[in-house]
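Written below as structure tokens is the structure these notes are about.
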Amino acid sequence: MNSPQKRFSMIREFHLADWFTLGNAVCGVGALFSAMTFLETADRRHIYFAAALVLAALVFDVFDGRIARWRQKSSAMGRELDSLADVISFGVAPAIIAYACGMQGLWDRIVLGYFVACGVSRLARYNVTAESLSEGPSGKVKYFEGTPIPTSIVLVALLALAAAMNAVRADLWMGKVLIAGFTLHPLVLLFAVSGSLMISRIRIPKL
């Protein structure tokens with residue numbers, strides 16, 4: 001006779017590292033809320049809140065990996081969970097913060113969409129190649145292919161600095177240009193560069 005399936009059994013199977021990963025995702029969602037509040041209120045403090053939450057997500061992201069290695073408990077589910085959280089915190093959140101700061105032209109939206117797509121692709125590639133890239137009995141991946149998606153924290157910090165200098169919205173650094181009648185803010189091209197580096201074949205040692 002089969003025993004009845006326990007309620008919330010999935011949650012019971014979470015490791016400590018997985019809870020830190022969920023903290024990463026929650027911080028990313030909080031950053032989205034703060035960016036949307038800035039769009040509504042124009043209060044620059046919400047850009048600072050958004051940037052701080054992305055930084056908090058990075059802290060959670062660092063600790064979940066360290067805890068998994070310390071406790072020697074990792075799983076395919078944990079890896080997928082980590083990727084989903086990273087998409088929110090370091091892909092979607094930076095793109096929405098950029099949009100809130102004034103990168104709202106058609107070309108801006110295309111570039112920001114490209115940035116997020118690159119981040120998603122980068123994480124998917126890592127997940128399917130992690131086993132082949134790992135070495136030794138520990139199974140630890142020795143290097144990244146392409147820049148890791150959390151490097152987008154640099155872009156978020158730049159936008160927080162722009163907000164501090166009141167260089168957002170109509171006063172965004174580098175101004176804007178019209179291409180085929182649609183607006184492009186040159187600053188958004190930093191997101192294009194970041195996305196392109198993510199999907200590159202550059203090898204970066206993993207610490």
Side-chain angles (χ1 to χ4, degrees), residues 7-40 45-101 109 112-130 140-141 144-160 163 191 194-195 197-199 204 206-207:
R7 294 178 181 178
F8 306 110
S9 59
M10 185 188 76
I11 294 177
R12 290 195 180 102
E13 293 171 359
F14 277 7
H15 301 305
L16 178 61
D18 296 333
W19 292 107
F20 275 77
T21 303
L22 290 176
N24 170 0
V26 170
C27 287
V29 173
L32 293 173
F33 290 155
S34 292
M36 288 187 286
T37 303
F38 174 71
L39 278 171
E40 184 176 354
R45 289 181 301 172
H46 294 289
I47 293 298
Y48 309 148
F49 295 154
L53 284 165
V54 174
L55 178 59
L58 180 62
V59 172
F60 278 113
D61 188 50
V62 169
F63 274 97
D64 70 5
R66 291 181 182 275
I67 289 171
R69 289 192 293 272
W70 168 54
R71 293 172 63 91
Q72 296 184 343
K73 288 185 177 180
S74 60
S75 64
M77 178 179 175
R79 187 167 65 223
E80 297 297 330
L81 195 65
D82 185 66
S83 293
L84 293 170
D86 284 356
V87 166
I88 298 170
S89 299
F90 309 117
V92 177
I96 296 303
I97 294 170
Y99 182 88
C101 285
R109 299 180 194 195
L112 293 174
Y114 168 78
F115 166 78
V116 173
C118 288
V120 172
S121 300
R122 162 68 175 75
L123 290 166
R125 181 177 67 185
Y126 175 79
N127 285 351
V128 299
T129 60
K140 182 180 177 181
V141 175
F144 293 110
E145 279 194 341
T147 54
I149 192 171
T151 55
S152 63
I153 189 72
V154 176
L155 299 174
V156 172
L158 183 65
L159 293 174
F191 283 83
S194 177
L197 288 173
M198 288 180 199
I199 60 173
I204 299 175
K206 184 176 181 180
L207 300 177

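For reference, positions follow the sequence shown, starting with 1.
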What's the shortest heavy-atom distance between [X] and [Y], and which atoms?
{"X": "F115", "Y": "G91", "answer": "CE2-O, 3.3 Å"}
{"X": "L112", "Y": "A98", "answer": "CD2-CB, 3.9 Å"}
{"X": "L159", "Y": "C101", "answer": "CB-SG, 4.3 Å"}
{"X": "L58", "Y": "P150", "answer": "CD1-CB, 3.7 Å"}
{"X": "A100", "Y": "L39", "answer": "CA-CD2, 3.7 Å"}

Tell me, please, which residues at least two apart from S89 pass side chain to side chain donor-acceptor pair (under 3.5 Å).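 By the side chain to side chain donor-acceptor pair (under 3.5 Å) rule, S89 matches N24.
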Go through the structure and list residues passing side-chain contact (heavy atoms from CB on, under 4.5 Å) with T147, not counting sequence neighbours.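 Partners of T147 by the side-chain contact (heavy atoms from CB on, under 4.5 Å) criterion, ordered by chain and then number, come out as T151, L197, M198, I204.
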Who pairs with V154 by side-chain contact (heavy atoms from CB on, under 4.5 Å), at least two apart in sequence or on another chain?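 Expected list: none.
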Report the distance from atom [atom1] of [X] to atom [atom2] of [Y], rounding to the nearest 0.5 Å.
{"X": "L123", "Y": "D86", "atom1": "CG", "atom2": "CG", "result": "5.5 Å"}
{"X": "S34", "Y": "I96", "atom1": "OG", "atom2": "CD1", "result": "13.0 Å"}
{"X": "S194", "Y": "I153", "atom1": "OG", "atom2": "CD1", "result": "11.5 Å"}
{"X": "R125", "Y": "C118", "atom1": "CZ", "atom2": "SG", "result": "10.0 Å"}
{"X": "I97", "Y": "L155", "atom1": "CD1", "atom2": "CG", "result": "10.0 Å"}

Would you tabulate the side-chain donor-acceptor contacts of residues 45-56 under 3.5 Å, counting partners in other chains and residues two or more places apart, or write 'none'?
{"residue": "R45", "atom": "NE", "partner": "D43", "partner atom": "OD1", "Å": "3.3"}
{"residue": "R45", "atom": "NE", "partner": "D43", "partner atom": "OD2", "Å": "3.0"}
{"residue": "R45", "atom": "NH2", "partner": "D43", "partner atom": "OD2", "Å": "2.8"}

Check step by step if side-chain contact (heavy atoms from CB on, under 4.5 Å) holds for F60 and T21. CA-CA 6 Å; F60 278 113; T21 303; over 6 Å; no
Taking the side chain as every heavy atom from C-beta outward, state whether N127 and S83 have any atom pair closer than 4.5 Å.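 Yes - at least one pair of side-chain heavy atoms lies under 4.5 Å apart.
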Non-neighbouring partners of F38 that pass ring-ring contact (aromatic ring centres under 6.0 Å, His included), sequence neighbours left out: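 Residues passing ring-ring contact (aromatic ring centres under 6.0 Å, His included) with F38: none at all.
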May I ask you to decide if Y99's main-chain N or O and R109's side chain share a donor-acceptor pair within less than 3.5 Å?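 No: the side chain of R109 does not pair with the backbone of Y99.
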Do any pairs count as a side chain to side chain donor-acceptor pair (under 3.5 Å) and have a residue in residues 113-124, sequence neighbours left out, and if so which ones?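 As it turns out, the side chain to side chain donor-acceptor pair (under 3.5 Å) pairs with a partner in residues 113-124, which skip direct neighbours, are Y114-S196.
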